[in-house]
> 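Can you keep this structure in mind? I'll have questions shortly.
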Amino acid sequence: MFNRNRLLYNLCKYKVSNNRAIITQQILTANHKNNITGINHSPVSGYSHTVASKHQYKVVETIAPVNKFVNRTHTCGELTINNVGEKVHLCGWLEFQRMGKFLVLRDAYGSIQVIVSDDNSLVQNINHLPYETVISVTGTVVARPVGQENKKMKTGEIEIQLEALEVLNIATPQLPFSIREYNKAKEALRMQYRYLALRFPEMQRNLRLRSNVLMKMREYLINNCDFVDVETPTLFKSTPGGAREFVVPTRHPGQFYSLVQSPQQFKQLLMIGGIDRYFQIARCYRDEGSRHDRQPEFTQLDIEMSFINREGLIEMIEGLLLHSWPPELSSIKVPFDHITYNDAMELYGSEQPDLRIPYNIQNITELIKQSSTLMDKTDFEHNTFGSYAVVIPNSQDCLINSLKSQFNDMAKKQFPGAKLVQEKVTGDSWNSKLIKLFSEDVTKNIADKLNVKEGDTLFISFGEKADAQQIVGKLRVEYTNVLESKGRKIRSSDYLFLWVVDFPLFSPGETKDTLASTHHPFTQPHPDDMDLISRDPLKVRGLHYDLVLNGSEIGGGSIRIHNPALQTKIFDMLDIDKSQMYHLLEALASGAPPHGGIALGLDRLTCLLCNAQSIRDVIAFPKTMEGRDLMSGAPVPISSEEMEAYHIKTINV
Ligand code: ASP
């Protein structure tokens with residue numbers, strides 16, 4: 001067999017023929033040391049060189065990195081019409097074959113047709129090889145006969161005339177799904193047989209793109225910006241006031257670790273320790289319900305810097321994204337736009353605005369307040385009342401009914417403080433429902449202000465301002481999704497980043513008169529709002545910033561509190577047990593520099609870069625929405641001995 005490792009690690013000599021690099025393999029033996037003679041193997045190209053040495057040839061190897069150290073001359077995706085006539089050795093999976101004569105060989109880089117001539121005795125054997133068997137082939141690159149090129153294949157102009165084939169590992173004949181029928185395998189099956197799903201070109205592309213982006217991020221942070229990559233523990237203690245954490249039992253009765261929800265405290269402690277520019281590609285854990293863009297374990301690019309302000313941090317992240325942006329995607333421009341939280345809610349009904357959607361929501365509170373038919377008959381509090389509308393242009397061809405019932409159920413649960421009316425603008429009496437609800441004048445004023453046209457769909461929400469904003473904000477996105485699923489192109493294909501700033505420091509807590517942190521309890525209050533902290537805490541803004549890309553939050557961070565007295569006060573206001581945070585308070589008192597940071601959600605970011613349906617498509621071994629690993633079945637019961645060692649008893653409920 002043609003052995004590439006021997007080819008490389010024995011002495012390879014290269015000489016030029018017809019402007020192409022040709023290898024002649026010279027196997028050196030003790031006797032041959034200074035006497036270059038040897039076995040002249042068939043020429044194999046793909047190696048470049050310079051000529052001349054005292055032995056006639058000087059070897060300068062520039063093998064494509066992807067083919068270094070392994071037993072192949074090329075990948076299945078790299079050969080083109082320019083390689084015709086070359087002898088090659090390829091390895092991969094038998095993706096498909098017909099009559100034992102036409103084979104499709106696939107590896108991580110593409111696929112190529114291998115052709116077996118009629119008189120080749122291998123035809124019979126190949127005919128019985130199951131798909132996905134691992135083989136290696138040696139053969140010569142030939143042009144496909146005119147008219148038989150396959151335009152859909154990158155290597156479709158050529159094929160390999162087979163000379164030798166080796167079966168490296170035979171596959172089970174009945175695999176759960178075929179790699180050629182990617183979309184036909186349901187996601188659960190693809191997760192159960194993840195190693196098979198990883199062979200699909202999309203998964204290959206996604207994981208490689210992710211790896212490239214991370215490499216560029218590291219390059220920017222370490223080489224360009226002198227950051228230090230520090231690993232921090234994942235077994236830690238519970239951090240109050242954040243997400244629900246996974247608990248890890250120990251052999252010490254009644255004592256538990258918590259898996260970190262982020263390295264937040266560690267990175268602040270690193271600043272106090274003088275590691276003033278930190279980053280880490282950090283694995284984090286949150287025991288929260290999964291959503292399509294959330295996993296119980298996920299990866300963040302975690303960053304912290306000392307002596308930084310919000311503007312400096314934002315500039316650094318923009319530089320990072322610019323540097324690591326995949327060149328194959330449409331380019332991005334910095335600086336990104338900024339919007340305050342209040343404006344985002346006012347214009348988009350969301351703190352994660354999707355700027356690609358061309359219509360915004362509109363505040364019609366003052367018009368609706370004129371409606372005695374509505375306002376007099378209800379118990380709306382005038383000072384918290386709000387009414388918002390969104391007009392979806394030219395959408396009457398799209399039925400709203402399916403969306404309507406689904407959406408109404410969701411809206412009632414999530415935004416109980418507001419009501420929703422919807423109308424298709426069609427014919428003269430389209431507004432009869434609105435007239436009944438708001439009166440004729442008010443309806444006319446609304447239609448004029450919103451400039452509704454025949455064919456539009458109009459949604460109006462009214463009630464608690466925040467709920468009213470969010471209902472139409474959500475509709476703006478959902479309805480656009482429905483229209484796009486029916487073939488309408490509404491969103492532009494740009495990557496639109498947006499910084500959302502000036503979030504409220506506190507949000508109302510779960511119970512009356514309690515407070516929760518909007519970001520986390522370590523966020524510095526806005527310096528202009530310090531005097532409101534005790535007086536009107538819900539009005540205080542935090543030095544918190546979120547980065548949004550095309551309607552998804554891909555990062556968030558803040559300038560931190562570095563003053564122990566202020567941190568103590570905020571813990572108290574949030575009803576956080578200070579005894580649990582003593583280590584941090586003590587550290588802040590030991591000379592903590594002003595500092596701030598951010599974390600970028602790498603799963604979400606790469607999902608958007610890959611244009612993937614879900615973050616599971618950019619994670620090699622993802623979990624289901626219920627947090628299960630379908631391949632191994634985890635989580636699974638443990639033995640009674642382990643239960644005992646960890647002092648665990650299950651109770652039947
Ligand atoms: N630790 C925060 C998070 O994981 C990010 C930050 O504030 O840097 O959301």
Side-chain angles (χ1 to χ4, degrees), residues 339-351 353 357-393 395 400 404 407-426 428-454 456-479 500 502-504 506-508 512 532 536-541:
I339 193 171
T340 63
Y341 168 82
N342 281 343
D343 285 351
M345 297 308 290
E346 191 67 16
L347 292 173
Y348 305 100
S350 164
E351 55 188 65
I357 302 176
Y359 28 86
N360 296 351
I361 71 169
Q362 304 197 48
N363 186 339
I364 53 167
T365 309
E366 291 314 314
L367 294 183
I368 297 286
K369 274 189 176 170
Q370 309 301 315
S371 161
S372 49
T373 46
L374 181 76
M375 297 307 283
D376 296 354
K377 282 199 201 106
T378 55
D379 50 3
F380 293 123
E381 292 245 6
H382 273 258
N383 55 349
T384 59
F385 178 83
S387 179
Y388 288 81
V390 63
V391 179
I392 316 284
S395 52
I400 53 172
K404 201 164 145 182
F407 195 84
N408 278 343
D409 289 350
M410 186 277 298
K412 265 187 213 133
K413 271 196 217 117
Q414 282 187 24
F415 311 113
K419 295 199 168 50
L420 180 71
V421 274
Q422 45 204 322
E423 283 296 359
K424 285 208 162 289
V425 184
T426 165
D428 288 340
S429 54
W430 68 272
N431 52 8
S432 52
K433 195 162 76 189
L434 299 186
I435 292 174
K436 219 151 130 206
L437 196 61
F438 303 131
S439 82
E440 183 139 17
D441 283 0
V442 171
T443 302
K444 182 172 178 316
N445 292 343
I446 295 172
D448 287 350
K449 174 172 166 112
L450 300 177
N451 193 17
V452 293
K453 296 194 190 60
E454 175 78 19
D456 294 347
T457 309
L458 166 65
F459 296 94
I460 296 177
S461 63
F462 53 91
E464 280 296 321
K465 178 173 169 171
D467 282 3
Q469 286 173 325
Q470 288 180 80
I471 289 190
V472 285
K474 210 155 179 133
L475 265 167
R476 171 178 175 265
V477 173
E478 300 282 329
Y479 205 93
V500 184
D502 288 351
F503 281 84
F506 300 108
S507 314
K512 201 167 173 288
L532 292 172
D536 200 350
L538 286 171
K539 289 235 163 70
V540 177
R541 290 163 298 163

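Along the sequence shown, residues are numbered consecutively beginning with 1. Because only heavy atoms are used, hydrogens play no part in the values below, and waters and symmetry mates are left out as well, while side chains stay in.
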> So, taking the atom named CG in Asn445 and the one named CD in Glu366, what distance separates them when rounded to the nearest 0.5 Å?
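Nearest 0.5 Å value for the CG-CD distance: 12.5 Å.
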> For a 4.5 angstrom cut-off between non-hydrogen side-chain atoms, does Gln370 reach Met375?
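Gln370 vs Met375: side chains apart.
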> Check the orientation of Phe503 and Tyr341. Use parallel for under 30°, tilted for 30 to 60°, and perpendicular for over 60°.
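Tilted.
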> Name the residue from Leu450, Thr457, Asn360 that meets the side-chain contact (heavy atoms from CB on, under 4.5 Å) definition with Val391.
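Passing option: Leu450.
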> For a side-chain contact (heavy atoms from CB on, under 4.5 Å) check, start with the C-alpha distance between Leu420 and Phe415, then their side-chain angles and the critical distance, and finish with the verdict.
CA-CA 10 Å; Leu420 180 71; Phe415 311 113; over 6 Å; no
> So do the side chains of Leu437 and Thr443 get within less than 4.5 Å of each other, counting heavy atoms only?
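Heavy-atom side-chain distance check fails, nothing below 4.5 Å.
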> Tell me which pairs pass salt bridge (charged side-chain N to carboxylate O under 4.0 Å, His left out) where either residue lies in residues 439-452, with sequence neighbours left out.
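Qualifying pairs, neighbours excluded: Lys444-Asp448.
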> With sequence neighbours excluded, what pairs up with Lys539 under the salt bridge (charged side-chain N to carboxylate O under 4.0 Å, His left out) test?
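Scan of Lys539 (salt bridge (charged side-chain N to carboxylate O under 4.0 Å, His left out), adjacent residues dropped) gives Asp536.
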> Applying side-chain contact (heavy atoms from CB on, under 4.5 Å), name anything that partners Thr373, two or more places apart in sequence or on another chain.
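Only Ser371, Lys377, Ser439 meet the side-chain contact (heavy atoms from CB on, under 4.5 Å) criterion with Thr373.
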> Tell me every residue that passes ring-ring contact (aromatic ring centres under 6.0 Å, His included) with Phe438, counting only those two or more places apart in sequence or in another chain.
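Per chain and number, Phe438 pairs via ring-ring contact (aromatic ring centres under 6.0 Å, His included) with Phe462.
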> Using the test side-chain hydrogen bond (donor to acceptor under 3.5 Å, both in side chains), find all partners of Ser507 that sit at least two apart in sequence or belong to another chain.
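By the side-chain hydrogen bond (donor to acceptor under 3.5 Å, both in side chains) rule, Ser507 matches Thr518.
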> If we ignore hydrogens and angles and just use 3.5 Å, is the side chain of Lys369 paired with the main-chain N or O of Ser387 as donor and acceptor?
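No, the answer is negative, given that no donor and acceptor are paired below the 3.5 Å cut-off.
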> Can you name the residues that form a side-chain contact (heavy atoms from CB on, under 4.5 Å) with Glu464, not counting sequence neighbours?
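side-chain contact (heavy atoms from CB on, under 4.5 Å) list for Glu464, sorted by chain: Thr384, Asp467.
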> Could you check if a side-chain atom of Leu434 sits within less than 4.5 angstrom of a side-chain atom of Glu423, using non-hydrogen atoms only?
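The answer is yes, as the side chains (C-beta and beyond) meet within the 4.5 Å cut-off.
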> Donor-acceptor check, side chain of Arg476 to backbone of Ser350, threshold 3.5 angstrom: yes or no?
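Between the backbone of Ser350 and the side chain of Arg476 there is no qualifying donor-acceptor contact (under 3.5 Å).
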> List the residues meeting salt bridge (charged side-chain N to carboxylate O under 4.0 Å, His left out) with Asp502, not counting sequence neighbours, and say none if there are none.
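With sequence neighbours excluded, Asp502 shows a salt bridge (charged side-chain N to carboxylate O under 4.0 Å, His left out) to Arg310, Arg541, given in chain and number order.
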> Where is the tightest heavy-atom contact between Phe506 and Leu538, given as atom of each residue plus distance?
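Reported closest heavy-atom pair: O-CD2, 3.6 Å.
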> Under the side-chain contact (heavy atoms from CB on, under 4.5 Å) test, which residues partner Val540, sequence neighbours left out?
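Here the qualifying residues are Leu505, Pro525, Asp529, Leu532, Ile533.
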> Nearest 0.5 Å, please: how far is CD1 in Ile446 from CG in Asn431?
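The distance works out to 10.0 Å.
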> Locate the shortest heavy-atom distance separating Ala389 from Ile364; write the atom from each residue and the value.
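Of all heavy-atom pairs spanning Ala389 and Ile364, the closest is CB-CD1, 3.9 Å.
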> Got a sec, which residues hit salt bridge (charged side-chain N to carboxylate O under 4.0 Å, His left out) with Lys412, two or more places apart in sequence or on another chain?
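Expected list: none.
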> My understanding is that only residues two or more places apart in sequence, or in another chain, count here; which of them pass side-chain hydrogen bond (donor to acceptor under 3.5 Å, both in side chains) with Gln469?
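Scan of Gln469 (side-chain hydrogen bond (donor to acceptor under 3.5 Å, both in side chains), adjacent residues dropped) gives Glu346, Tyr388.
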> Under 3.5 Å, side chain of Thr365 to main-chain N/O of Gly386, donor-acceptor pair present?
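Here the side-chain-to-backbone pair does not exist.
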> Are any non-hydrogen side-chain atoms of Val390 and Tyr479 less than 4.5 angstrom apart?
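Counting from C-beta outward, Val390 and Tyr479 never come under 4.5 Å.
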> Among Ile392, Val421, Ile471, which residue meets the side-chain contact (heavy atoms from CB on, under 4.5 Å) test with Phe459?
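Only one option passes, and that is Ile392.
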> Please list, chain by chain and in numerical order, all residues satisfying side-chain contact (heavy atoms from CB on, under 4.5 Å) with Lys453, sequence neighbours excluded.
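With sequence neighbours excluded, Lys453 shows a side-chain contact (heavy atoms from CB on, under 4.5 Å) to Asn451, Asp456, given in chain and number order.
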